[in-house]
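Just so we're on the same page: letters track the sequence lines, and every chain starts at 1.
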Protein chains: 2
Amino acid sequence: MVRVRTRTAGQAYTIREAAALTGLPASTLRYYETVGVIGPVSRGETSGHRVYDEEDLDQLMWVACLAATGMSVADMRTYVTNGQLGVQAAQEQIQLLTEQERRLALEAERVALRHRYVRLKIDYWHAVAAGDSARTQQLSKQAAALAAELTGTTQQ
Amino acid sequence: MVRVRTRTAGQAYTIREAAALTGLPASTLRYYETVGVIGPVSRGETSGHRVYDEEDLDQLMWVACLAATGMSVADMRTYVTNGQLGVQAAQEQIQLLTEQERRLALEAERVALRHRYVRLKIDYWHAVAAGDSARTQQLSKQAAALAAELTGTTQQ
DNA sequence: CCTTTGACTTGAAGTACTTGAAGTTCCTAG
DNA sequence: CTAGGAACTTCAAGTACTTCAAGTCAAAGG
């Protein structure tokens, strides 16, 4: 299937192409538009199909990054509209991002803990498979110690 | 806050501890119980609070592994109620956990990357607020480079 | 003893998509 | 030109959690 572009200036993309380029499914692109995370995309004159240009793609790339950091749709909407405002919104942008940073730091901690726990469990089952009951008990204790350590550290 | 375990044999965990160890939020643990992905968890005599033991934790670990591989709740329920979960050999459990460990290593990487990205954006908006256009442009470039990395690793 | 603080409980509502149905429109091949 | 299939459209419903509200329970301080 060879696709021919009719536009002379700038590129035009179908929703499928935009999805492939941003890494977001087409359904999500439509969803983001309906909830206002991105502005309305222009439509084909006769077809009513969405036509994405480079600018739309840029904005979508940006939103894809925010989504990847775990930002909520409401915050993304705020963030995008603030971004278009420029300097006066900088303070708010910084606040939004600082909150996001804190969340990510917490997330990193949680992942590290889980990682340690899973490694311990792997060792445990190796010991079980080997019939090493001394080591089995030892590792079981370590897991309990890890659990004890986590009491009080896992606020949220 | 000193936590005293009343059980003489085996460990008892609160929902918060179970959540931290399995990596699933407490709300998800409750949800999994209500929809039958895991069996009913025993409750504190007077409190009615959920009390997780080692066996519950193990079962939850497997379910967490299955969920991480993208298995639907319906399939997980089928899998568990068919009793295939309890019968699993140590070898298979080790394999599942090893895969989980790999995923966690990846997850840690992704979180670190997102963290860097957000910090960069914070710097960016600080530069914007300060009117430092040279630094603004520099950081914008850096963010774009990181964004490319981020969207590349976020595929699934 | 009483109050406060914090973790827990349930159930209902909200969130962020995803999927499915039913109906155009585009494109290629006959 | 016309038929057929792929890709698009909207809207409604489904999914997998998540958050909120209202209330219970337990330990610590006054």
Among all residues two or more places apart in sequence or in another chain, which pass the side-chain contact (heavy atoms from CB on, under 4.5 Å) test with A:Ser27? A:Pro25
Got a list of protein N/O to nucleotides 13-16 of chain C N/O distances below 3.5 Å?
residue	atom	partner	partner atom	Å
C:dA16	OP1	A:Val73	N	3.3

Output the rounded distance in Å from CZ (B:Arg50) to C1' (D:dT24). 14 Å
Report the residues that fulfil side-chain contact (heavy atoms from CB on, under 4.5 Å) with A:His126, sequence neighbours left out, ordered by chain and then residue number. A:Ile122, B:Ile94
Scan residues 130-145 of chain A for pairs that pass side chain to side chain donor-acceptor pair (under 3.5 Å), counting only residues two or more places apart or in two chains. A:Arg135-A:Gln138
In short, the helix from C:dC1-D:dG30 to C:dG30-D:dC1 is bent end to end, axes from five pairs each side, to 10°, by 20°
Per the under-4.0 Å heavy-atom filter, residues of residues 38-49 of chain B near DNA chain C come out as B:Arg43, B:Gly48, B:His49
Return the set of residues passing side chain to side chain donor-acceptor pair (under 3.5 Å) with A:Arg16 (not counting sequence neighbours), or none when no residue passes. none
List for me each residue that meets side-chain contact (heavy atoms from CB on, under 4.5 Å) alongside B:Asp58, sequence neighbours excluded, and say none if there are none. A:Lys121, A:Trp125, B:Trp62
Do any N or O atoms from the side chain of A:Arg103 and from the backbone of A:Met71 form a donor-acceptor pair under 3.5 angstrom? no
Counting only side-chain nitrogens and oxygens, does A:Arg30 get under 4.0 Å of the OP1 or OP2 atom of D:dT10? no
Quick one: ring pair (Phe, Tyr, Trp, His ring centres under 6.0 Å) pairs with a partner in residues 17-59 of chain B, sequence neighbours left out? none
So, using side chain to side chain donor-acceptor pair (under 3.5 Å) as the criterion, who are the partners of B:Glu99 when residues are at least two apart? B:Gln95
Nucleotide C:dT18, atom P - distance to CD1 of A:Ile15 in whole Å: 12 Å
Could you check which of D:dT18, C:dC8, D:dC8 has an atom nearest any side-chain atom of B:Ser27? D:dT18
Whether the side chain of B:Thr28 engages the backbone of B:Leu24 through a donor-acceptor N/O pair (distance < 3.5 Å, no angle test) should be reported. no
Applied to residues 41-53 of chain A, the salt bridge (Lys or Arg N to Asp or Glu O under 4.0 Å) test, sequence neighbours excluded, yields A:Glu33-A:Arg50
Starting at CG of A:Leu29 and ending at P of D:dC8, how long is that distance when rounded to a whole Å? 11 Å
Residues at least two apart in sequence or cross-chain that pass side-chain contact (heavy atoms from CB on, under 4.5 Å) with B:Ser42, listed by chain then number, are B:Val51
